[in-house]
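A note on names: the letters A, B, ... follow the listed sequences, proteins ahead of strands, and every chain is numbered from 1. Please read these numbers as outputs of a predicted model, since none were measured by experiment.
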2 protein chains.
Amino acid sequence: MKLATRTRYGLRAAIELAKNYGNGPLQIKLIGKNQGISVKYLEQIIAMLKNGGIVRSLRGARGGYVLAREPEKIGLDEIVLALEGSISTVECVENESLCARAADCVARQVWTKVQDAMIDVLKSMTLKDMVDKAQNHNKLTYQI
Amino acid sequence: MKLATRTRYGLRAAIELAKNYGNGPLQIKLIGKNQGISVKYLEQIIAMLKNGGIVRSLRGARGGYVLAREPEKIGLDEIVLALEGSISTVECVENESLCARAADCVARQVWTKVQDAMIDVLKSMTLKDMVDKAQNHNKLTYQI
DNA sequence: CATTATTCCTACTGTATTGGTGGTATATTA
DNA sequence: TAATATACCACCAATACAGTAGGAATAATG
């Protein structure tokens with residue numbers, strides 16, 4: 001059940017970008033420094049966020065990354081989706097055709113319920129919510 | 001986010017044992033055959049269920065495995081716990097001391113909520129519920 | 001135009017996990 | 001004691017993960 005490190009890092013990076021929203025691009029170097037994450041590794045992780053349509057990049061000097069949309073329009077489910085590839089406990093939940101008995105498999109029903117519960121929680125939160133929460137502690141408090 | 005195969009297999013094996021509850025021990029060989037799972041692999045998986053106090057073993061001829069308690073007293077959370085080691089998305093959720101900022105980390109709050117949602121769902125179901133559901137389809141319908 | 005800052009791309013590496021196999025020891029029963 | 005079945009232990013191949021490395025492409029700046 002453990003999340004990949006890249007998912008944890010990726011969320012933290014996204015929150016940094018959300019905090020910086022409206023103030024121009026933020027460089028990976030800075031995010032990595034603030035968060036204590038290998039800059040080279042973060043590079044790959046943010047590329048996933050880019051592919052997922054969460055962030056946009058600005059190349060060249062003074063470039064960096066910005067959120068692709070307003071923080072209140074980015075659900076955490078989108079972020080996890082971009083980083084994990086899918087928010088899914090078991091393949092057959094998404095793809096019935098993987099198993100002949102999928103349609104009335106009780107184990108599958110369990111994993112579907114678990115998965116739906118996770119997705120609901122993630123969908124209920126946006127990057128804006130994260131920034132607001134962090135603001136209350138008025139520091140970079142989202143470090144894992 | 002994907003579950004390990006052993007967790008899926010383990011749940012299915014536990015459901016088989018629940019279905020057989022009251023009819024004496026069930027052999028791994030049989031479960032593996034019914035479920036299309038490598039008997040040798042299943043051996044290891046059921047050993048985890050045993051360590052977790054979910055099943056008891058009976059050695060020797062006519063031996064096999066039985067549930068350690070009535071199916072209605074075994075929550076699915078216990079089964080996942082036995083197989084995954086912990087029902088946890090991130091280490092720091094369980095163990096605050098892993099990160100100095102854990103106490104007011106917003107990312108950690110996210111993963112805590114996700115994890116709690118999963119645990120709630122699993123806790124809400126017992127092996128008995130699984131047997132009852134499967135009965136409605138009156139076959140081995142829990143195959144993944 | 002040269003320099004600098006930054007993203008982008010691709011490949012490599014060590015480690016751990018996963019999924020699975022094989023063999024032997026041990027206990028129980030008939 | 002022979003047959004059955006679990007228990008235990010060691011091994012193996014494939015994959016994923018986390019991180020490193022080097023350089024190419026691109027944009028801004030002086």
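Across the protein-nucleic acid pair, Q27(A) atom CD and dA28(D) atom P stand 13 Å apart, rounded to whole Å. In this structure, Y41(A) places its OH atom 17 Å from P of dT15(C), rounding to the nearest Å. Atom OH in Y9(B) sits roughly 11 Å away from atom C1' in dT18(C) (whole-Å rounding). Residue N51(B) contributes atom CG, which lies 16 Å from atom P of dT6(D) at whole-angstrom precision. If you measure from atom CG of L3(B) to atom P of dT17(C), you get 17 Å, rounded to the nearest angstrom. Rounded to whole Å, the distance from CE on M1(B) to P on dC17(D) is 13 Å. Remark: P of dG19(C) and NZ of K2(B) are 12 Å apart, rounded to the nearest angstrom. Put simply, CG on L42(B) is 17 Å from P on dT18(C), counting in whole angstrom units.
Taking for each of V39(A) and G60(A) the nucleotide of DNA chain D with the nearest heavy atom, the 5'-most of the two is the partner of V39(A).
Side-chain N/O atoms of K40(B) and base N/O atoms of dG19(C) include no donor-acceptor pair closer than 3.5 Å. Applying the 3.5 Å distance criterion, the base of dA5(D) shares no donor-acceptor pair with the side chain of R62(B). Not a single donor-acceptor contact under 3.5 angstrom links the side-chain atoms of R59(A) to the base of dT26(D). One N or O donor and one acceptor, one from the side chain of Q44(B) and one from the base of dT21(C), sit under 3.5 Å apart.
Taking the side chain of E43(B) as heavy atoms from C-beta on, and the options dT4(C), dC8(D), dT7(C), the nearest nucleotide is dC8(D). Considering only the side chain of A61(A), dA28(D) comes nearest among dA28(D), dA5(D), dT7(C). When the nucleotides dA18(D), dG19(C), dA28(D) are ranked by their closest atom to the side chain of T5(A), dA18(D) comes out on top. The side chain of R6(A) sits closest to dA18(D) out of dA18(D), dC8(D), dA7(D). In this structure, of dT21(C), dT7(C), dG19(C), it is dT21(C) that holds the atom nearest to the side chain of S38(B).
Between the side chain of R6(A) and the backbone N or O of L83(A), at least one donor-acceptor pair lies under 3.5 Å. At least one donor-acceptor pair under 3.5 Å links the side chain of R108(A) to the backbone N or O of C92(A). Looking only at distances, no side-chain donor or acceptor of D116(B) sits under 3.5 Å from a matching main-chain atom of D120(B). T89(B) places a side-chain N or O within donor-acceptor distance of the main-chain N or O of W111(B), the cut-off being under 3.5 Å.
Hydrophobic cluster membership differs between I46(A) and V131(A), with clusters built from Ile, Leu, Val, Met, Phe, Trp and Tyr side chains linked at under 4.5 angstrom. Note on I79(A): it does not cluster hydrophobically with V66(A), by side-chain heavy-atom contacts below 4.5 Å among ILVMFWY residues.
Contact between the side-chain N/O atoms of S57(A) and the OP1/OP2 oxygens of dT6(C) is not found at any separation under 4.0 Å. A close approach under 4.0 Å does not occur between any side-chain nitrogen or oxygen of K29(B) and OP1 or OP2 of dT6(D).
Residue-level contact check: I46(A) touches neither bases nor backbone, having no heavy atom under 4.0 Å from any strand.
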